[in-house]
Each structure stands twice: as C-alpha cells, then as structure tokens.
Amino acid sequence: MLSPELVQALRAARHIVASTGAGISAESGVPTFRDAQTGLWSQFRPEELATPEAFQQNPKLVWDWYAWRRELVGRAEPNPGHRALAALEGIVPRFTLITQNVDSLHRRAGSRDVLELHGNILQARCSSEGTLVAEWEDTAETPPRCPSCNGLLRPNVVWFGEALPADALARAFMASRTCDVFLSIGTSTAIAPASSLPFEAQAAGALVVELNPDTTPLTRQADHVLRGPAGELLPLLVAALTAG
Ligand code: OAD
C-alpha cells in the first residue's frame, strides 16, 4: 500500500504536517459536509445555515442545527485515524496537526497541539461582545443569552464570509511552508484558505500525500495518493514509520 519511497520520505522527515477535514471523522459517524445529510436537516444545505446572515435572519434555526450537530459529535468516539495522528505527535521529530473540523475528536484521541482553523462546536461565544463561553445553560428560548450582556450566544465556529482565527491560520501557513511532508487527509480541498495549504507546502519543497477514498482537486498534483478510509490508512502509515 505504501511505496518504499514514501516510507523512506516519512522516516527521513524532520517535520510532518497533517491537515484533516470532515472525512477523518466519517468513520466516527459524523457526516461530512458534501455528503447528503439525514433526517430533519436534509432539507438545508450547510452553506445556507453556516453564515452570519442566516444567524441574523433566523438565530433559532441556526442554533438548533448546531445543537443537533453538537449532540451528534458528543456521542461520537475518535476512530483509529484520529488515534494514529495522536501517536504521530510522539513519533515524528516535529509534527503539526491542522484541522478544519470543529468536533474536538483529535483532542479526545490524545492530540495535544491542534490548530483548529474553523473553531470548535463545543464552545459558544457572545454574538455581540465576542466573549468565549465554554459552558452555558440550555434554555427554552434558543439561542441562550450571554450571561454578561444578554446578547445572543452563537457557536464558536467560523461561518462562510468570516475570517479564520488569525493565530491558528498564521501557524498553519508557517508549518506548511517549512515541513518536509504534508499529509492531506479526508478533505475535499474545496474551501479556502485551508485548501491552499498543500499547494503552499509543495511550492516550498515538501512532499504532498493525499489520503482520501475519492478524487479531489489536489489529487492530480499530489506526489503520492493513498486511496481508502483514513481509519485504515493512517494506522498503516504509523506502522510503517515505527517498524523495525
Ligand atoms: P467535505 O465534506 O467537503 O469533504 C470530505 C472529504 O472526505 C471528501 O473528499 C471525501 O471523499 C472524504 N472522505 C469521506 N470518507 C472518508 C474516510 N473514511 N477517510 C478519509 N476521507 C474520507 O469536508 P471538508 O473538506 O472538511 O467549513 O470541508 C471543508 C469545510 O467546508 C468544512 O470545514 C466546513 C465546510 O463548509 C465551515 O463550516 C467553515
């Protein structure tokens, strides 16, 4: 499955970047964005709910959608793909984990340093003051109110049209430009700026490896393509790195 050249490059790497998308959590039962959603929410496209405009027009609808997703994520467990990446943190001389996911499954699998480019669904923040709120009371009225200013709470995630957390983004670009190997895992590479990271890495001389069961805009340009689910491929990759 892993070519000898790839195994050699992984073993020689001083700095590996792994950048993950919704696909890595698919095997934990968290639906990806561009797959059909189920049930009540199948009639809404994420692009229509994950915007500041949608929240302004219908805060209850948007909050309830995120509450549904928060519950789903809370019931999910990290899978062997998440755990393999947590193991890599202790194996590779320098390892940077970047994720577009908001589900906390990397942290729950044991990864300590995670650059969350799109925020975290388990947190909320005040929509008027911006203050982070880690815990809140679910009220009959949704969204709940900010305990200090009574403004509406919103999920602490990045919506379409909003800026990404500047510090995490800067660190992600810096790591991509200085790594030896860049692993693009379970992302459709459809949403900028995260989608540009593997191209930045390659332009700076890194080897780019895609792990995905399907073709993406990155596939043609990747140096190695590993076809299959992340939960199967990543443990193989860790085994190849640690063997003998
Ligand atoms: P997508 O839903 O666009 O893509 C998921 C990718 O995972 C696809 O390329 C699938 O082929 C792949 N995939 C599915 N099952 C997999 C598995 N078991 N192992 C590995 N890969 C698998 O999700 P993202 O690329 O993460 O942004 O989407 C990027 C962003 O678009 C999201 O963070 C979100 C969304 O709109 C915001 O909410 C700001």
Side-chain angles (χ1 to χ4, degrees), residues 1 18-38 41-42 44-55 62-63 65-66 68-70 72-73 76-85 97-106 109 114-123 125 154-165 168-169 172 182-199 208-222 224-238:
M1 175 68 82
S19 177
T20 66
I24 194 164
S25 297
E27 289 156 85
S28 295
V30 181
T32 63
F33 287 92
R34 284 158 190 88
D35 288 342
Q37 301 218 25
T38 48
W41 298 105
S42 57
F44 296 102
R45 292 174 49 226
E47 291 85 345
E48 286 165 9
L49 294 171
T51 68
E53 294 77 23
F55 187 71
V62 174
W63 179 270
W65 182 58
Y66 278 96
W68 169 76
R69 288 181 53 205
R70 196 180 307 116
L72 200 146
V73 157
E77 291 296 330
N79 67 53
H82 297 107
R83 286 196 288 275
L85 289 177
L97 179 56
I98 304 167
T99 189
Q100 295 168 77
N101 299 345
V102 296
D103 58 25
S104 274
L105 289 176
H106 284 305
V114 188
L115 298 178
E116 290 176 319
L117 293 185
H118 292 169
N120 189 311
I121 199 172
L122 303 183
Q123 302 167 339
R125 67 174 195 260
R154 57 161 284 178
N156 186 33
V157 299
V158 175
W159 283 332
F160 287 99
E162 292 185 324
L164 274 63
L169 187 61
F182 185 103
L183 307 174
S184 178
I185 305 161
T187 172
S188 58
T189 40
I191 302 295
S195 56
S196 66
L197 294 173
F199 297 98
V208 170
V209 186
E210 178 174 68
L211 292 82
N212 199 311
D214 286 321
T215 305
T216 76
L218 177 64
T219 306
R220 275 164 57 102
Q221 225 170 300
H224 293 267
V225 175
L226 304 178
R227 282 266 164 271
E232 289 175 23
L233 294 173
L234 284 168
L236 288 178
L237 195 144
V238 171

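Positions are given from 1, in the same order as the sequence printed here. Just follow the structure's listing: the first ligand is 1, and inside any ligand the first atom is 1.
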Quiz item: Against heavy atoms of Ala22, which atoms of ligand 1 measure under 4.0 Å?
Solution: 23 (O), 24 (P), 26 (O)
Quiz item: Measuring from Leu237:CG to Glu232:CD, what's the distance to the nearest 0.5 Å?
Solution: 13.5 Å
Quiz item: Going by heavy atoms, is Pro213 under 4.0 Å from ligand 1?
Solution: yes
Practice problem: Return the option from Val157, Val158, Leu49 holding the heavy atom at the smallest distance from atom 38 (O) of ligand 1. | Solution: Val158
Quiz item: Is any N or O atom of Pro229, backbone or side chain, closer than 3.5 Å to an N or O atom of ligand 1?
Solution: no
Quiz item: When only distance counts, is Asn101 in polar contact with ligand 1, meaning an N/O pair under 3.5 Å?
Solution: no
Quiz prompt | Side-chain touch Arg227/Thr219, heavy atoms, less than 4.5 angstrom | solution = yes
Quiz item: If you count the atoms of ligand 1 from 1 in the order shown, which ones are under 4.0 Å from a heavy atom of Asn212?
Solution: 8 (C), 9 (O), 10 (C), 11 (O), 12 (C)
Quiz item: Should Leu97 and Glu116 count as side-chain neighbours, where that means a heavy-atom distance under 4.5 Å?
Solution: no
Quiz item: Is the shortest N/O to N/O distance between Gly21 and ligand 1 below 3.5 Å?
Solution: no
Quiz prompt | Approximate separation, where rounding is to 0.5 Å, of Ile24 CD1 and Leu211 CG | solution = 9.0 Å
Quiz item: What pair of heavy atoms forms the shortest contact from Asn79 to Ser25, and how long is it?
Solution: ND2-CA, 4.2 Å
Quiz item: Heavy-atom contacts under 4.0 Å between Gln100 and ligand 1: side chain, backbone, both, or neither?
Solution: both
Quiz prompt | For Asp214, atoms of ligand 1 separated by under 4.0 Å from a heavy atom | solution = 11 (O)
Quiz item: Which atoms of ligand 1 sit under 4.0 Å from any heavy atom of Ile191?
Solution: 29 (C), 30 (C), 31 (O)
Self-check item: Ala26 and ligand 1 - part of the residue with a heavy-atom distance under 4.0 Å
Solution: side chain
Quiz item: Are the side chains of Asn101 and Val30 in touch, meaning some heavy atoms are under 4.5 Å apart?
Solution: no
Quiz item: Under 30°, 30 to 60°, or over 60°: which ring-plane class applies to Trp159 and Tyr66, parallel, tilted or perpendicular?
Solution: tilted
Exercise. State, yes or no, whether a side-chain contact exists between Leu236 and Leu226 at a heavy-atom distance under 4.5 Å.
Key: no
Quiz prompt | Distance filter under 4.0 Å to Glu27 heavy atoms, resulting ligand 1 atoms | solution = 17 (C), 18 (N), 19 (N)
Self-check item: Spatial distance of atom OG (Ser184) from atom CG (Leu218) [nearest 0.5 Å]
Solution: 5.0 Å
Quiz item: Closer than 4.0 angstrom: is that true for some heavy atom of Trp159 and an atom of ligand 1?
Solution: no
Quiz item: Given Ser184, Gly23, Ala230, which one has a non-hydrogen atom that is nearest to atom 16 (C) of ligand 1?
Solution: Gly23
